[in-house]
2 protein chains.
Amino acid sequence: MSPATDVRSRRREQTRAEILAAAWQLAERDGIAGLSLRDLAAEVGMRAPSLYTYFPSKAAIYDAMFTAGFLQLEEATAGLTVEPADAVGTLAAHVEAFVAFCQDSVPRNQLLFTRAVPGWEPSEEAYAASVGSYARMARQLGELGIHNAQHLDLLTALSAGLAAQQLANDPNGTRWRELSRDAAEMFLAHVRRTT
Amino acid sequence: MSPATDVRSRRREQTRAEILAAAWQLAERDGIAGLSLRDLAAEVGMRAPSLYTYFPSKAAIYDAMFTAGFLQLEEATAGLTVEPADAVGTLAAHVEAFVAFCQDSVPRNQLLFTRAVPGWEPSEEAYAASVGSYARMARQLGELGIHNAQHLDLLTALSAGLAAQQLANDPNGTRWRELSRDAAEMFLAHVRRTT
DNA sequence: GTCTATAGACGGATAGAC
DNA sequence: GTCTATCCGTCTATAGAC
């Protein structure tokens with residue numbers, strides 16, 4: 001690859017990132033399903049057809065946002081440690097981080113965890129990002145001694161439910177998020193009782 | 001009111017019900033946000049403008065569906081008894097009924113519990129139906145000795161989460177729904193421990 | 001009460017000039 | 001790589017004839 005090509009692809013990647021950033025911003029305003037290519041192009045100082053230089057379709061833009069969203073979830077929980085000696089504290093911190101992550105961006109939450117975009121679903125490659133995210137969570141719970149599949153399912157339901165209620169009924173508050181520690185205690189007591 | 005007027009308003013009500021039934025059917029196919037007045041009219045053998053004889057706007061149709069949806073939730077749980085002597089069984093049955101209700105119709109679930117329709121939210125009158133539904137649930141939990149607001153919030157999160165996971169990851173199965181009894185036991189043990 | 005016709009807007013995507 | 005112009009489709013809603 002010649003240096004010129006290298007520079008060109010770097011610029012291209014930068015513009016793609018700029019478009020995606022603008023897409024998140026517009027999705028915040030209009031909802032993830034309300035994103036339009038005309039508005040998106042205007043936001044980055046282009047006309048709609050020029051976007052097709054960077055993405056082959058609107059679906060490809062959603063795909064890129066989907067993948068980026070799960071990367072952000074990785075980052076949001078990467079700093080948290082797993083301490084088997086303090087299972088409740090560890091779990092509470094992870095649940096609260098998850099609820100906070102969902103609350104942090106309504107459209108991202110819609111894109112990653114609901115089927116809010118009519119006629120679109122993640123491509124296989126994009127979907128792989130979400131599978132990897134789940135596998136990592138399962139591994140961390142394994143370090144806390146939780147291996148039962150039903151227990152895992154119960155915990156995902158609990159986390160998803162706290163986030164859903166927080167977003168639906170108190171989007172800017174902490175009413176459900178602050179129940180994270182209670183939820184962790186409740187869940188771990190159940191695990192101890194039924195293992 | 002003359003007999004003729006009576007007959008006329010009866011027919012009108014019947015046609016309205018027919019339109020709503022067709023609306024649910026189409027929403028099942030195209031998603032709640034994908035409902036279009038053209039298709040809806042065609043489904044009942046009309047053209048789109050004729051619908052305006054029965055509903056003043058598309059939003060009014062969503063409103064009527066929203067209210068009907070909460071009535072259906074009432075009906076789905078009306079047959080269930082509340083037996084303080086068997087709190088776990090009572091709660092398990094109610095949670096499972098709720099998950100089954102959500103699973104029974106994806107678009108109804110979208111309409112009632114998510115903000116899946118861009119630009120629409122329930123009118124105040126319609127919203128009152130959902131408030132009444134929550135109040136009834138709180139009263140029934142009171143009969144089981146559960147009064148703490150945080151406990152109520154934890155239970156709504158748990159129920160909503162089971163339903164969300166069931167719908168998102170196993171829409172035609174029972175993977176999360178069958179955890180209803182576990183969830184009830186887990187929750188009630190927590191209530192006993194923290195009251 | 002139902003229709004045709006249409007307003008008026010918005011959407012994704014493509015052709016072809018520059 | 002970006003543009004203008006445009007295709008072709010979508011939609012809700014209204015006017016006015018019958």
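One atom, CZ of Arg47(B), and another, P of dT14(D), lie 19 Å apart when rounded to the nearest Å. Between Phe55(B) atom CZ and dT12(D) atom P there is a gap of 14 Å when expressed in whole angstrom units. Residue Glu13(B) contributes atom CD, which lies 12 Å from atom P of dG1(C) at whole-angstrom precision. The separation between Tyr62(B) atom OH and dA13(D) atom C1' is 15 Å, rounded to whole Å. In this structure, CZ of Arg12(B) is placed 10 Å from P of dT2(C), rounded to the nearest angstrom. For the pair Leu51(B) CG and dA13(D) P, the computed distance is 10 Å after rounding to whole Å.
Phosphate contact (OP1/OP2 of dG1(D), side-chain N/O of Ser50(A), threshold under 4.0 Å): absent. At dG1(D), none of the side-chain N or O atoms of Thr53(A) fall inside 4.0 Å of OP1 or OP2 (strictly under the cut-off).
Looking at heavy-atom distances under 4.0 Å, Tyr54(A) makes contact with sugar-phosphate atoms alone, never a base.
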Show me the donor-acceptor pairs within less than 3.5 Å that the side chains of residues 94-104 of chain A make with the rest of the protein, sequence neighbours left out.
from, atom 1, to, atom 2, distance (Å)
His94(A), ND1, Thr90(A), O, 2.9
Gln103(A), OE1, Arg177(A), NH1, 2.8
Gln103(A), NE2, Pro171(A), O, 2.9
Gln103(A), NE2, Gly173(A), O, 2.7

Show me the side-chain donor-acceptor pairs of residues 121-132 of chain B shorter than 3.5 Å, one per line, residues at least two apart or across chains.
from, atom 1, to, atom 2, distance (Å)
Ser123(B), OG, Asp63(B), OD2, 2.3
Ser123(B), OG, Ala126(B), N, 3.3
Ser130(B), OG, Tyr127(B), O, 2.8

For residues 27-52 of chain A, which side-chain donor-acceptor pairs fall under 3.5 Å, sequence neighbours excluded?
from, atom 1, to, atom 2, distance (Å)
Ser36(A), OG, Asp39(A), N, 3.1
Glu43(A), OE2, Gln25(A), NE2, 3.4

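Not counting sequence neighbours, Arg11(A) has no partner by the salt bridge (charged side-chain N to carboxylate O under 4.0 Å, His left out) test. Under the salt bridge (charged side-chain N to carboxylate O under 4.0 Å, His left out) criterion, Arg10(A) pairs with Asp6(A), sequence neighbours left out.
Using modelled atom types and a 3.5 Å distance limit, the side chains of Gln166(A) and Arg175(A) yield no donor-acceptor pair.
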In B/S/- notation (B base, S sugar-phosphate only, - none; protein heavy atoms under 4.0 Å), nucleotides 11-18 of chain C written 5' to 3' is BBBB----
